[in-house]
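Report on one structure; see the data block that follows.
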Amino acid sequence: MPYSRERASKGGHSDIVKNPDVANFLNDCIYMKEPTDEEGISIAKSYSPAPTDNSLPMKAVASDASPYSEPISGKFPSTQIGYIKVSLVLIDLKDYNGLSAPGSRFVDPFKVAAMHRNADAISFTLPGSNICYKGAQTVEEGFRRAIWEQLSDDRTSFHKDGDFTVKGTLLDILNNNIIIEKCPNSDCGHKPPGGFLFTSQTLVHNCPECNKEVYLTDFLRIHEQISDFGNNSSAMTRFMNVVEHLIVATLIRMLLHYQPQTLSNMAFIVDGPLAIFGQPARISSRLQSFYYHISQTLAQHGLQPPIILGLQKDGQLMEHARALNPYLSVNSFRVIDDVYRKKYIIGTSTYTENFGQETYYGQDFIFKTEAGRIFTVGIPYPFPNKQNQTNFAKQKADITNYKNQIARAFDVIRHFEFDLYENAVVPIALAHRHASISLVPGGKVLDLVTRHGLSNT
Ligand SMILES: [Zn+2]
């Protein structure tokens, strides 16, 4: 994982760094440091005035996901259950009441807590360490089964007709042709000729060797991180990461099918970079093609693509941006090309020809608003694939390839600036301060998205 939300306490941190062994060790390391004045001024010179499109989408959807991995009983702390919540909030920009709302400069923490508790989220329950689900022989087998059941049932279905579930999206972005080379069941590993082929007609196989089930969702390989007795929270985080991106893509797929015009007039705000990490990273290149396909299809109808933006609240890029902020002019931005990233952000020499080759499907930008707030924003790469790494590294950093997408994304950030900046949980902050509704999958989603005005819902 490229960054962690968990931070050590300040006290503990300085004590360790003062330790002479650690100080000597650090002398031999390369890592990100605060820029000197000279460096700050010099880096800031490479930033340009930020564009505007003077336009706003009609509606925005913000997503957020949170993982919980907890012991089921205080007496057995190593017996854990995983619980993941993905919240989607629909905001009507025509009914904006954010900044002018009286006395609401700060979000009420009690209301935020109440929204966290409410049931308006898509939730997944997965076995953690030491729990075997439905007679599975290992935690991993039960984990695979739980993933399959929950990604293929109606909990992620955005329309009653057509397969607008995460499972359907997986089949769609993989062209209805998913191959798993070998049986993932414990101690089997059977490799049928040509692998196990999954299509919309064949969603589950019975392995001829071990006679156990192989599921389409095994393709995500999240189970490979599961151990019987260890802490499985990193597998939960991977699951959450990939599922959040797939749920947003599922909603967009449904809207493209039923309401392309509405889709074209919407923004989607995802928490974190436009990237999939770890074992499921192979989905990333498919999401890149998917968003390219969406923009091409809409263009054929004379429509603009939706605005997709990944907002990073923490991590190396945001830390760099904050350190640089004092040197940047207001309303300025920069594309984070690989040379820049290598020079100022990544303290490592293991560096590929194209940063994020396996993981990213969108390009990062740093953007400072007129009011002086700083954002790191990801926008989907405007290309169907990443063939030719060296060339791609150049193309993705050429801002003319994004047409007006950068300007449109910046306009959305300008509009929600205060809410996005002050609060860690984007949809909750937006939901609290704007006319909004929670989107829970089911037959009503399309009606809710296409209805004009949300205030009476
Ligand atoms: Zn098998």
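Throughout, residue positions are numbered sequentially from 1 according to the sequence presented. Counting starts at 1 for both ligands and their atoms, in listed order.
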>> F198 vs F219, test: ring-ring contact (aromatic ring centres under 6.0 Å, His included). Steps then yes/no.
In response: CA-CA 10 Å; F198 296 85; F219 181 79; 8.9 Å; no

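K134 and E149 are joined by a salt bridge, as a carboxylate oxygen and a charged side-chain nitrogen come within less than 4.0 angstrom of each other. Between R341 and D364 a salt bridge is recorded (basic side-chain N to carboxylate O distance below 4.0 Å).
Note that NZ of K167 is 13.5 Å distant from CG of L246, once rounded to the nearest 0.5 Å.
Listed by chain and number, the residues in a side chain to side chain donor-acceptor pair (under 3.5 Å) with Y258 are H159 (sequence neighbours excluded).
Between the T250 side chain and the T169 main chain, no donor and acceptor come within less than 3.5 Å of each other.
For the Zn ion (ligand 1), protein N, O or S atoms closer than 2.8 Å were enumerated as C183 SG, C188 SG, C207 SG, C210 SG, with waters left out.
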